[in-house]
Amino acid sequence: VWSTVHPAADRASFDPVYDALIEPTRKIEAWLELQQQVEGWCDCCGKVVPLRIDAGPRFAHHPSLRAGMVCPRGTNARARLLLRMVRSLGLEQGRCALFEAHSPLASALKELTPLEMHLSEYVDGGVPSGETIMIANRPVTQQDMTATSYPDKFFDVVVHNDVLEHIPWHHAALRESGRILKPGGVLMFTVPFFIQLDQSVQLASLGPDGRVRQHIEPPEFHGDPIRGSVLTFWHFGWDLLTSLRDAGFDIVELRMSFDPFSGIMSDNHPAIRAGNNPPNVIFGRKARS
Ligand SMILES: [Zn+2]
């Protein structure tokens, strides 16, 4: 059962699979969280390596296995899952947009897929999309995910990794991904997904004056390699899949895959229904016509 991909088009088809898997999974996770390091297969390293368990944020006493289980090359559980999902597309050529640069996932995708990678970052401050800027003494292309500089129908794959929850207008970002994908092209991304929420919760919004309105206190910030920390605007639930369908994607699924032997596990929160984020990638295929 481990490493199987379980696709769900909605919560009704997800819940029974999750309920069957969660008990054995919790036992493994409860053991893992007590370890400093375990040996495991890493897709990006291509061999068995030491995985550092407690390398991400913590939830009370529990290390986030999803942001931890970090391999010597720096990929964590969710980056490892994204890498695996992109490789499983089996594309022999094509273009891939990744909305991060100079990251362990970026180098793994460059090295381990035949895809032509287009890497970018986003920094605030009115830098136009497509412009090259210096971040930490390295040149990086700026791209605003809601208005990129990429042409229509340009990419075979679009990938992002815990970015969408930081975008106030996430519908615009999904439509933009649809615009830059070729017909039949694939969008794959991770977000902190709240499996107990039918409707996403908006934590904050951005007013026409450009000022943040906080709807739920306290504000939630996530660590960011470029900007230090970024505000979270959304806690996504199952209506996110509807948003993808509205944005022109025809096959839309949450694809869950636990694989403890390859360092792919959940957020490992004991209050499972209240915040556990099982290892998953949101998948959307752009309609062919
Ligand atoms: Zn690795």
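Remember, it's 1-based here, ligands and their atoms both numbered in the order they're listed. Source: prediction; values computed, not measured. As a basis for the values below, the full set of heavy atoms in this structure was taken, side chains included, without hydrogen atoms, waters or symmetry mates.
- Judged by distance alone, with hydrogens and angles left aside, the side-chain atoms of R179 form a donor-acceptor pair with the main-chain N or O of Y150 at under 3.5 Å.
- Among residues at least two apart or in separate chains, side chain to side chain donor-acceptor pair (under 3.5 Å) pairs with a member in residues 201-213 are S205-H215.
- Although no hydrogens or angles enter the test, the distance criterion places no donor-acceptor pair under 3.5 Å between the side chain of R80 and the main chain of C42.
- Under the 3.5 Å distance criterion, the side-chain polar atoms of E23 are left unmatched by any main-chain donor or acceptor of D19.
- A donor-acceptor pair under 3.5 Å is absent between the side-chain atoms of T148 and the main chain of D144, judged by distance alone.
- Distances shorter than 2.8 Å separate the Zn ion (ligand 1) from the protein N/O/S atoms C42 SG, C44 SG, C45 SG, C71 SG.
- Although no hydrogens or angles enter the test, the distance criterion places no donor-acceptor pair under 3.5 Å between the side chain of E121 and the main chain of T141.
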